[in-house]
Amino acid sequence: MNPEEKINALRKELHEHNYRYYVLDSPVISDYEFDMKLKELQALEEANPQFRDSSSPTMRVGGEVTKNFNTVAHEHRMYSLDNSYSREELADWVQRIHRILGETRVEYTCELKYDGASISLTYENGHLLQALTRGDGFQGDDVTTNVKTIRSVPLQLRGDFPPKFEIRGEIILPLAGFEKMNELRVKEGEDPYMNPRNTASGSLKLQDSALVAERPLDCLLYALVGRDLGASTHFELLNKAREWGFKIPQEAELCKSLDEVFAFLDHWDIHRHELPYETDGVVIKVNQLQQQEELGYTAKSPRWAIAYKFKTEQAITTLEKITYQVGRTGAITPVANLKPVLLAGTTVKRASLHNADQIAKLDIREGDTVMVEKGGEIIPKIVGVDLSKRPQDSEPTTYIDTCPECHTPLERKEGEAQHFCPNSTGCPPQITGRIHHFISRKAMDIEGLGAETVELLFKEGLIRNYADLYTLTKEQVVPLERMADKSAENLIHGIAESVKIPFERVLFALGIRYVGETVAKVLARAYKNIDALMEASEESLTQVNEIGGRIAESVVSFFKEEKNREIIERLRNYGLKFSLSEEQLQNQTDRLKGKTLVVSGVFENLERTELKKLIEDNGGKVSSSISSKTSYLVAGNNMGPSKRTKAESLGVPIISEGEFMDLIK
Ligand SMILES: NC(=O)c1ccc[n+]([C@@H]2O[C@H](COP(=O)([O-])OP(=O)(O)OC[C@H]3O[C@@H](n4cnc5c(N)ncnc54)[C@H](O)[C@@H]3O)[C@@H](O)[C@H]2O)c1
Ligand SMILES: [Zn+2]
């Protein structure tokens, strides 16, 4: 490849990783690998300035705005940070600073680098006005309603605060909360979340703020932006913000020299494992605001700050055996069973191998000496093989071609990384996985029935699918291992009670691929009963707000299966709810049928989510962007000026909250 081709290839690759990381919250390479590729691209671009391009990943913040929220322009741009991995790089940075500032005294604030999702909060007269994600740095998603559910974000400030300012920080998920969430997920037969960072960022983008409120998110703040904030250094500003009621971590320290900065790094490289949340490094900032201003910004980062990243911890051990797991949806995950080794404070016995390609790429074999790394993921991964230690008789790994549980030949769909066992109705872990999901807390929430009992009931041949639960009798259950009279009674009672669960949760419980809690709600509201939904075509499904092609296809194919229809019929006969209740229906009309509405700004009487719910309850569709297809723009206070201009130019009627209420009366 010549330099131009190489540059283009790297840009394409990095754009893709950015998309996976920021938009899908599901990266496929480690941060270190990403940073190294970015540095490689940077060096190539510097050596070949003729190929400069302002949309290169080196020139812009990696995020994007999503389509699910109102897009709002940042009053002050949100930047990224330059990265460094060594003390030499830090010393170079200090030299560059002095080249601009001259031989003057420079002090630094050192803070931990919190690993979560960037947020910018605007306060006016002490009230939280708006919370925006970083987005692409110029504009972000308005996630105010979601952020308001985080208890450490003050809604009303104390003391002597400026009339208007922005404060920036990171929404994070503390480790204890993250582990609790995952325990629950695993218990309910779901795959655990990958790491706290992606989960925090994903939580922030949920459409339903009631779900956000259930997540133990926290918000740590680290920067004030605005005019006349009443201090001349960054460190003083942090202290002030603390007095106004913000959660500013106490670890921040003022350092008078580079040596003091190094001491801070030494300390936290060891003690970071004792923190209640994850940190992947330290951020070093020039303390004097005057000096910050003089230093200014590059295309994507401030010159006055730099991140120092801790090395991810690695350990070397032997891969004893590769085994394969089958998930609820039939997805196969290869697992490396390791000789136990100590890594970042915990003993590691297993590592994820992701999929067949990953194994082939690293040519990983049983008996190999491998390097494992813990980079935020709960399950560590194998990042390299020491070929010099490979045993003489080593054999290349042949990926399984039949299911380890039911021996059905595996399938792999075009463009998918994972192999699947297609035997969804006969493969034991898929069957029990679906039952686990069915009984889980957010689905049918069946009291007295746990994962172990499900396994037992299945093993004893008492249940083959979730409908069988409703035919169980106490007499059948009592003889089971560790089942007392009382617990058998509770179990049967719990199952009988579950018929009261509302339609949208029954729909979620069915375990249709891609139909999570939120999607189930949307579908229930749109189709009102299962019969209408069963008859829906892919085309009609994609007309529903928030339902994309992938979901539509999955819903249609689920209901096409004769076996699934039979099970639904049975469940219906047992009395489960397959339509919205009278009360739910009463609140629903067709007054906005066929209409698409865009909601923007802050409203007097309704929260934005309530307004959206009213639109949907009345048969309308909520969209986030204005087009010629928009029927109305419902405008509140502080609506973005670009939305108004666009609506006016397209002739879209702009209505107030009151006028909207008249529409649905
Ligand atoms: N693995 C992948 O595929 C992939 C893809 C894209 C990006 N990434 C990773 O994401 C990172 C780049 O993301 P980025 O642009 O958000 O930069 P960054 O995370 O390296 O640094 C900038 C961010 O740090 C945060 N931050 C945390 N604590 C801070 C503090 N005390 N002061 C100031 N800021 C603080 C802020 O949110 C800020 O936006 C890199 O580490 C990169 O490896 C990985
Ligand atoms: Zn199988």
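Read the numbers this way: they start at 1 and go in the same order the structure lists the ligands and their atoms.
Under 4.0 Å from ligand 1, the heavy atoms of Tyr21 that appear belong solely to its side chain. At a heavy-atom distance under 4.0 Å, no atom of Arg20 approaches ligand 1. Of all the heavy atoms of Leu81, the ones lying under 4.0 Å from any atom of ligand 1 are found in both the backbone and the side chain.
Under 2.8 Å from the Zn ion (ligand 2) lies no N/O/S atom of His407, from backbone or side chain alike.
Residue contacts with ligand 1 include Lys285, since one of its heavy atoms falls under 4.0 Å from the ligand. Under a 4.0 Å heavy-atom criterion, Lys309 is in contact with ligand 1.
Looking at Glu166 and Ser120, their side chains do bring a donor and an acceptor atom within 3.5 Å of each other.
Close placement of the Tyr123 and Phe246 rings is indicated, their centers lying within 6.0 Å of each other.
Checking only distances, Asn18 never comes within under 3.5 Å of ligand 1, N or O to N or O. Considering backbone and side-chain atoms alike, Asp280 places every N or O at 3.5 Å or more from each N or O of ligand 1. Considering backbone and side-chain atoms together, Leu112 places an N or O closer than 3.5 Å to an N or O of ligand 1.
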| task | Could you check Trp93 against Tyr108 for ring pair (Phe, Tyr, Trp, His ring centres under 6.0 Å), going step by step and ending with a plain yes or no? | result | CA-CA 12 Å; Trp93 172 67; Tyr108 307 91; 5.8 Å; yes
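Of all the atoms in ligand 1, the ones that sit under 4.0 Å from a non-hydrogen atom of Asn83 are 20 (O). Every atom of ligand 1 is numbered from 1 in the order shown, and the set under 4.0 Å from a heavy atom of His17 is 3 (O), 5 (C). The atoms of ligand 1 that sit less than 4.0 Å from any heavy atom of Asp35 are 40 (C), 41 (O), 42 (C), 43 (O).
The Zn ion (ligand 2) is the vertex of the angle joining SG of Cys406 and SG of Cys421, which measures 100° to the nearest 10°.
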